[in-house]
Amino acid sequence: MKLIVYLDLLLLINLIMNYLILWATAKLSDLRYNIWRLMITSLFSTIYTLMIILPRFNFLNRVSSHLLVSIIMLLLSFAPLTRRLFFKTVGYFYLITFVTAGVIFAVYNLTGGSPLDTLDQVLSISPDKLWIILLGSLVVVIIGKFGWLLIQSKLIPDIFCIPITIKFDDQSLQLISLVDTGNQLQDPLTKVPVIVVELGVMLEILPDKLQESFSRYKSDSNQLLSEVVDTSWSSRFRLIPFSTIGKENGMLVGFRPDEVKIQTEEGVIRTSRVIIALQDSFLDNNNNYQALLNPEVLRSVKN
């Protein structure tokens with residue numbers, strides 16, 4: 001049986017899949033990424049794929065070579081990385097790669113074929129099987145979009161819950177926050193990241209007049225804001241727009257604290273460049289955390 005290699009299709013799919021896997025790795029590792037760096041790295045990996053199917057470069061088609069190329073790919077895409085973050089990124093990279101490959105192999109086998117042919121076990125792609133590769137691409141996109149939410153909320157939530165201390169008007173409150181990539185809220189005026197906190201736990205450190213206003217009007221953000229206009233803290237309060245499923249164009253009342261102290265494994269982070277937005281409902285039914293920490297707070301301080 002003669003083996004037909006659709007070289008253009010092979011290289012195009014390889015380029016796209018490499019990019020998607022790197023993108024999903026960045027999402028799961030919570031890394032900032034540059035699209036052009038990911039594209040250049042994907043092109044590098046595609047050239048490597050082209051080389052290993054040529055007889056003269058057959059010696060590169062080894063496990064050790066694949067491992068070395070994958071490390072180079074991650075460094076090209078995301079360096080500089082701390083040692084811990086590097087190993088975390090490597091882990092997510094291979095997890096995504098193996099899950100995607102597993103899906104593609106499983107579907108190929110279910111349809112009575114195999115994605116590997118005699119060409120030194122290089123992925124064989126034909127137009128009639130292109131839908132399987134597209135399915136694999138969809139798996140990568142789903143992992144990148146929702147994988148982090150699954151990990152942090154279902155599998156190992158305790159790892160992503162960290163203590164924070166909020167200081168306001170000589171009062172301080174310690175609570176547990178969830179590092180939530182779904183929280184991308186910013187103050188529309190200053191672009192400062194927002195931490196969402198349960199109103200109930202914040203009331204105890206707010207001045208008496210503010211406690212009365214929040215207790216009386218709760219989720220009526222406009223009325224609440226008008227109540228604090230005549231106080232000495234008026235310049236520190238503002239409205240934060242948000243949208244959730246079932247509620248578009250919502251508003252949260254937020255304020256600028258004196259300081260927020262965040263306890264991380266690397267040490268204590270202190271910042272005043274943050275807005276506390278008050279949510280009049282429980283954030284977690286089990287009360288494992290009382291705040292949603294925007295990851296941008298950590299990034300802005302570390303950078």
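From a predicted model like this one, the values you see are computed outputs, not experimental measurements.
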>> Run the side-chain contact (heavy atoms from CB on, under 4.5 Å) test on L206 and F168 for me, step by step, so that the C-alpha distance in whole Å, both residues' side-chain angles and the decisive distance to 0.1 Å come before the verdict.
In response: CA-CA 7 Å; L206 294 177; F168 180 80; 4.1 Å; yes
>> Between W23 and I35, does the side-chain contact (heavy atoms from CB on, under 4.5 Å) criterion hold? Intermediate values first, please.
In response: CA-CA 9 Å; W23 167 80; I35 293 177; over 6 Å; no
>> Working note: M251 + I240, criterion side-chain contact (heavy atoms from CB on, under 4.5 Å); need CA distance, chi angles, decisive distance, verdict.
In response: CA-CA 6 Å; M251 288 287 179; I240 307 297; over 6 Å; no
>> Set out, in order, the CA-CA distance, both residues' side-chain angles and the distance that settles side-chain contact (heavy atoms from CB on, under 4.5 Å) for L173 and E204, then state yes or no.
In response: CA-CA 8 Å; L173 173 70; E204 61 183 85; 3.7 Å; yes
>> For D169 and R236: C-alpha separation, side-chain torsions, deciding distance, then whether salt bridge (charged side-chain N to carboxylate O under 4.0 Å, His left out) applies.
In response: CA-CA 11 Å; D169 197 35; R236 301 172 65 168; 5.8 Å; no
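Side-chain contact between V90 and L74 is present, with at least one heavy-atom pair separated by less than 4.5 Å. Contact of the F44 side chain with the N18 side chain is not registered, since no non-hydrogen atoms from C-beta on lie closer than 4.5 Å.
Once rounded to the nearest 0.5 Å, the distance linking CG of L85 with OH of Y92 reads 10.5 Å. Atom CD1 of I275 and atom CZ of R256 lie 7.0 Å apart (nearest 0.5 Å). The line from OG1 of T46 to CG of L15 is 4.5 Å long, rounded to the nearest 0.5 Å. How far CE of M73 is from CZ of F78: 9.0 Å, rounded to the nearest 0.5 Å. A distance of 12.5 Å separates OH in Y94 from OG1 in T89, rounded to the nearest 0.5 Å.
Looking at S70, its side chain does come within 3.5 Å of a backbone N or O of L67 through a donor-acceptor pair. Judged purely by atom type and a 3.5 angstrom limit, Q290 uses its side chain to pair as donor or acceptor with the backbone of I176. In this structure a side-chain-to-backbone donor-acceptor pair under 3.5 Å is present from S42 to Y19. Formation of a donor-acceptor pair under 3.5 Å by the R37 side chain with backbone atoms of L76 is found in this model.
Residues T41 and S77 have side chains that bring a donor and an acceptor to within less than 3.5 angstrom of each other. A donor and an acceptor atom, one from each side chain of T25 and Y33, are nowhere located under 3.5 Å apart.
A salt bridge between R32 and E296 is present, with a side-chain N of the basic residue lying under 4.0 Å from a carboxylate O of the acidic one.
Nearest heavy atom pair, residue T97 against residue I21, reads OG1-CG2, 3.7 Å.
Heavy-atom contacts from other residues, nucleotides or ligands closer than 6.0 Å to CZ of F282 number 12 or fewer.
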